[in-house]
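As the structure is a prediction and not an experimental result, all values here were calculated from the model. In what follows, every heavy atom counts, from backbone to side chain, and hydrogens, waters and symmetry copies are set aside.
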Amino acid sequence: ADSIDIVKSDLDTMMKHNPDKIVLGCTHYPFLIDILSEFVDRSLFIDPAVPFAEFIKTDLEDNNLLNTSNNNASEEFYVSSDPAKFKLASKMFCELAEEPKLLTF
C-alpha cells in the first residue's frame, strides 16, 4: 500500500470512534492537512502549531529575549539520528543549505 492508502486507513479507523476533534499533535502533521482533508472534514482537525508559536513568542517577549532584527540571521538544525536522511526528507518542506548536526545524549 502507498502512503496515501495508509493515511486513509488510519483515518477510517479513527472515524469509527466518532471523534469530536483530531489534534495534529506531531510537528509535521500540519503539513499534511490538505491530504488529510481529502478523507475527513477539515473542521475536525486542531492544529496547535500557530497557538504554540504565539505562546513561545509571547514568552520570549515577556522575558526580553525576542530578537526583532534580521541582522546576521542564521538557521541551524539538529537531529537525534541520521542527518543525511533528515536533509533528504525535509525537501518536501524546505531546502536545507547544509546537513543538520547530529545530537548525541
Nearest-0.5 Å distance, [atom1] of residue [X] to [atom2] of residue [Y]:
{"X": "M14", "Y": "L11", "atom1": "CE", "atom2": "CG", "value": "4.5 Å"}
{"X": "D82", "Y": "E99", "atom1": "CG", "atom2": "CD", "value": "8.0 Å"}
{"X": "L32", "Y": "F45", "atom1": "CG", "atom2": "CZ", "value": "9.5 Å"}
{"X": "S81", "Y": "F86", "atom1": "OG", "atom2": "CZ", "value": "10.0 Å"}
{"X": "L96", "Y": "S90", "atom1": "CG", "atom2": "OG", "value": "3.5 Å"}
{"X": "D59", "Y": "L66", "atom1": "CG", "atom2": "CG", "value": "10.5 Å"}

Backbone N or O of [Y] within a donor-acceptor pair of the [X] side chain at under 3.5 Å?
{"X": "S9", "Y": "D5", "answer": "no"}
{"X": "D47", "Y": "A49", "answer": "yes"}
{"X": "K21", "Y": "S43", "answer": "yes"}

Which heavy atom of [X] sits nearest a heavy atom of [Y], and at what distance?
{"X": "P100", "Y": "V79", "answer": "CB-CG1, 3.9 Å"}
{"X": "L44", "Y": "M15", "answer": "CD1-CE, 3.5 Å"}
{"X": "P51", "Y": "P48", "answer": "CD-O, 3.4 Å"}

Next on the checklist: Check this for me, if you would: do D12 and K8 make a salt bridge, where the nitrogen-to-carboxylate-oxygen distance has to be below 4.0 angstrom?
Outcome noted: yes
Checklist entry - F39 and F31: same hydrophobic cluster, using ILVMFWY side-chain contacts below 4.5 Å? => result no
Checklist entry - Going hydrophobic residue to hydrophobic residue with side-chain gaps under 4.5 angstrom, can you get from L60 over to F52? => result yes
Checklist entry - Any side-chain donor-acceptor pair under 3.5 Å between S69 and N67? => result yes
Next on the checklist: I want to check something: taking the side chain as every heavy atom from C-beta on, are L103 and S80 in contact at a cut-off of under 4.5 Å?
Outcome noted: no
Checklist entry - Does the side chain of L36 come within less than 4.5 Å of D34's, by heavy atoms? => result no
Checklist entry - With a cut-off of 6.0 Å (strictly less than), are more than 12 heavy atoms of other residues, nucleotides or ligands near CZ of F55? => result no
Next on the checklist: More than 12 heavy atoms of other residues, nucleotides or ligands under 6.0 Å from OH of Y29: yes or no?
Outcome noted: no
Item to check | Verdict with reasoning, L24 to I33, per side chain to side chain contact (heavy atoms under 4.5 Å, CB included) | outcome: CA-CA 9 Å; L24 302 175; I33 191 75; 3.8 Å; yes
